[in-house]
Amino acid sequence: MTTSTAFDRLEPRIQRWIWRQGWTTLHDVQERAIATILDGKGDVVIGAATAGGKTEAAFLPIVSAITTEDGNAPSGFEVLAISPLKALINDQARRLEALCDMAGVALHKWHGDVADAAKRKARRQPGGVLIITPESLEALFVLRGVELPRLFAELRFIVVDELHAFLAGERGIQLQSLLHRIEVLTRRRVKRVGLSATLGDMQLAAAALRPSDPAAATILESRSNEAELKLQVRGYQCSSALGPPSDEEADDAPQQLVATRQAIAEHLLKVLRGSSNLVFAGTRQSVEVYSDRLRQMCEDASIPNEFFPHHGSLAKELRHDVEARLRKGRLPTTAVCTTTLELGIDIGDVESIAQLGPPRSIAALRQRLGRSGRREGKPSILRIYIEEEPINAQSSLLSRLRLSTALSVAAVRLLLTGWCEPPPQRALHLSTLLHQILSMIASLGGAHATVLYQTLCATGPFGNISSSLFSQLLRRMGNPEVELVEQAPDGTLLLGREGERVVEHYTFYAVFETPAEYRVVAAGKALGTVPISFPVRPNDLIIFAGRRWEVIELHERQKVVEVKQSRGGMPPKFGGDSAALHDQIVKEMRKVFTSTDLPAYLDAQARALLDEGREAFRMVELDRASIVADGASTLLFPWVGTRRMTTLAMALTAEGLKTRLDDMVIIADHSVEEVKAALAHLSQNVPPAPLSLARQAANKQYDKFDRYLDEELLALSFAASALSTDGLPELAAAMLIETNGTS
DNA sequence: GACCTGCTGCGGCCTG
């Protein structure tokens, strides 16, 4: 440690803690973070891989700074640390305990599972570090508004863990709003430190950390070398003659799909057995199918099972068992999982990653890849498995294009260039703004409209809300049909009847919606939850938690499904929205089709599939045309992402066409000539306003509090978040030119 | 045809 000047600047007790860890050097990013956090005035973003020492990089200097400040017991929290998961708070607290202890700094964890007594104690004697979820912080604002100025009077640092998890979505805006409201009540700017995975442009992380002044942040990225990448894309296209389909699935899935899954499962068993791995299956249903199949195969071969399911609808205990087994690393363990194992939960290093089905987000793919090859000298291993259906002369063009194969190749090409999606463009977030208005009124015991606007919009994170739109929203909230707020004679806004009902319920604090569910219980033990929308009746057979069950009883009132072990069954359908594709990925797919190289990372079957796709692409001259007749309908290939596809389809609808949307294609129930006429009109005119397109869309309720908005507010919200008419005439024109160019 | 996250106060009962 003799060469480290950063080390010398730490408080002696912190230095002693470092010695005690047996560390001989500090990571490069830790060295730089110590200097930057102790010196600088501004914010800091620390970017490093999972387990890259980010937590220590932030907390060594921060704890050092608050110990040296004064010897007296503080009368308020000095550090506010926000984390997106309860499990991460527990991990974090475990890692920081000894450090804080040694430095004489208090450490309080605070989330829904923390005992009431500990929370009361923290409120009575606030000090040191508070680690908390956004929802629990929200609850503090709503329930303890009067105490907050005292609790945060001595605040010196705000740390946001897993900052990248807050980049998109309502939860991120909620967090920005809460942090801003803290600075409003303490009347000073508090230094923010964000800890993030290194994904794409780190300036975007700085903007999420402090939207009002991203330039004030210093960005520190870990310089650690990335591991070598070993990569394979494996194609599967089985006819029904191959593989023994399991009898139970045969009713639901086509025979060849069952055979394909069998072939993929056999390969997974062969290459993954004996080591620890993660298999990202894409959907919870697919997790259930594969983990059940793999367990069955182990049993049939009389070998111990190493394959376990992990997804958000499984009971906490079951998930913890899998995480602990991976972390301990004594037994070979493969988790078949959804995005639940993408975030920084400590599961140690794994040998390889498998991705079932084409990746739809490069950011997520990079995040997954970061889970393997972390040990010195070990490569990252990624296998992508693709299913395509058998084709014949009658098959549709969309099947013959082998879109899953092309998408996988496009994703790998982008992964290798280092590109990844930026977070989606800023939306209006009216649902969360409505929530924050209610929260502020509850917290302050009433507030004037100008204070709300000033705090949340003029200086806060809802900066793209005009004062007239804000008034429109407030009027709606005060509408006698809605009754969220009412106005006192002096103009102060108070909670209305419905407002009180909503705010007083404990479900108020989270800004995201969760569907109603049944709990699944076997012999008194919780297995997890299934959506209410999934029909279950007594005697039904289901696959759940990687095993097979029979439903004994359905307790409708308690929302409990009782099951017992059984044979056979179907996995539940969990539902969900479809994922959006970014422009860049679809653009890259077109390049994959028009180029001729066969990358070495494709196996023989995947090469054959890619060849077939390219052949189909050339046959209909998609390299020169974007509009293809397909029976009575016409297919449009704009080669743009979901957002611009949606906009184009809605613009065509406004031109009087009947259209449907697929991933890569718009299907119009019209002749090529009619489609061309509509495109020509779009290309020659000022694009329609997104709002007027949005007004014709059905089902615009997406977010938790959208149910309180009227049609016009919903249309505004939908237009801002789902549509983009930028370059629409040019897109229409380009599609026509290419098409006409062929004649 | 995708995924994930989170939550308070209080009444009632049991144990030492």
Side-chain angles (χ1 to χ4, degrees), chain A residues 82-90 110-120 123 132-145 161-175 178 280-288 309-314 316 319 336-345 355-361 363-365 367-368 387 398 403-404 407 432 435 439 442 502-515 517 528-529 531 533 573-582 642 645-646 660-665 702-704:
Chain A
I82 315 276
S83 177
L85 301 180
K86 291 186 286 188
L88 286 177
I89 292 180
N90 296 340
W110 189 308
H111 57 64
D113 298 344
V114 170
D116 215 37
K119 293 178 184 168
R120 272 201 303 273
R123 275 171 49 215
I132 193 167
T133 59
E135 287 73 18
S136 285
L137 184 57
E138 183 76 60
L140 273 176
F141 267 99
V142 171
L143 300 168
R144 314 284 169 205
D161 193 23
E162 306 277 351
L163 179 59
H164 56 275
F166 293 111
L167 288 189
E170 298 310 307
R171 218 178 172 204
I173 300 294
Q174 177 191 27
L175 176 59
L178 293 172
F280 289 96
T283 67
R284 285 169 284 187
Q285 187 177 32
S286 171
V287 166
E288 291 294 347
H310 192 288
H311 60 70
S313 297
L314 289 176
K316 201 163 61 178
R319 285 194 276 166
V336 185
C337 59
T338 58
T339 56
T340 42
L341 288 180
E342 246 170 49
L343 275 185
I345 296 170
Q355 161 77 37
L356 307 186
R360 298 178 63 96
S361 149
L365 187 61
Q367 186 87 331
R368 291 168 184 192
E387 290 175 6
L398 292 181
L403 293 169
S404 292
L407 178 54
T432 303
H435 175 264
S439 169
V502 178
V503 171
E504 276 168 17
H505 199 264
Y506 69 93
T507 53
F508 175 70
Y509 311 115
V511 290
F512 50 85
E513 184 84 282
T514 35
E517 293 175 319
T529 58
S533 57
K573 290 190 174 67
F574 291 91
D577 301 332
S578 65
L581 280 171
H582 190 274
T642 307
M645 284 275 279
T646 309
R660 274 169 296 142
L661 259 183
D662 208 286
D663 249 358
M664 320 287 162
V665 69
Y702 284 103
D703 294 315
K704 188 173 176 186

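The figures that follow rest on heavy atoms only: side chains count, while hydrogens, waters and symmetry mates do not. Quick note on labels: first sequence line is chain A, next is B, and so on, each numbered from 1.
The side-chain contact (heavy atoms from CB on, under 4.5 Å) check on A/T340 picks up A/H310, A/R319, A/C337, A/T338, with sequence neighbours excluded. Checked against side chain to side chain donor-acceptor pair (under 3.5 Å), A/N90 has the following partners two or more places apart in sequence or in another chain: A/K109, A/H111. Scanning for side-chain contact (heavy atoms from CB on, under 4.5 Å) contacts around A/A281 gives A/S286, A/V287, A/V336, A/L356, with sequence neighbours left out. Take A/A87 and apply the side-chain contact (heavy atoms from CB on, under 4.5 Å) test, not counting sequence neighbours, and it matches no residue. Partners of A/K86 under the salt bridge (Lys or Arg N to Asp or Glu O under 4.0 Å) rule, at least two apart in sequence or in another chain, are A/D113.
At a cut-off of 3.5 Å, with distance as the only test, a side-chain donor of A/T432 or A/E170 sits close to an acceptor on the other residue.
One atom, CG of A/L581, and another, C1' of B/dG1, lie 12 Å apart when rounded to the nearest Å. Distance, A/N90 CG to B/dT5 P: 14 Å, rounded to whole Å. The interatomic distance linking A/L407 (CG) with B/dG1 (C1') rounds to 14 Å, in whole Å. Residue A/L398 contributes atom CG, which lies 14 Å from atom C1' of B/dG1 at whole-angstrom precision. The nearest whole Å value for the distance from the CZ atom in A/F280 to the C1' atom in B/dC4 is 12 Å. We find that CG of A/L175 is positioned 16 Å from C1' of B/dC7, with the value rounded to whole Å. Nucleotide B/dG1 holds its P atom 8 Å from the NZ atom of A/K573, rounded to whole Å. Put simply, CD on A/E513 is 17 Å from C1' on B/dA2, counting in whole angstrom units.
Of the candidates B/dT5, B/dC3, B/dC7, B/dC3 carries the atom nearest the A/T339 side chain, counting heavy atoms from C-beta on.
Heavy-atom distances to DNA chain B give each of A/H505 and A/G312 a nearest nucleotide, and the one nearer the 5′ end belongs to A/G312.
Residue contacts shown for A/T338 are limited to sugar-phosphate atoms, with no base heavy atom under 4.0 Å away. Across all strands, A/G169 comes closer than 4.0 Å to no nucleic acid atom at all (heavy-atom distances). In this structure, A/R319 reaches the sugar-phosphate backbone alone: every heavy-atom distance under 4.0 Å involves primed, P, OP1 or OP2 atoms, never a base.
Phosphate proximity of B/dC4 to A/R284: present, with a side-chain N or O under 4.0 Å from OP1 or OP2. Between A/T133 and B/dC7 there is a side-chain polar atom (N or O) within less than 4.0 angstrom of OP1 or OP2.
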Going 5' to 3' through nucleotides 8-16 of chain B and flagging B where a protein heavy-atom sits under 4.0 Å of the base, S where only the sugar-phosphate is that close, and - otherwise, we get BS-------
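To the nearest 0.5 Å, atom CZ of residue A/F508 and atom CD of residue A/E135 are 11.5 Å apart.
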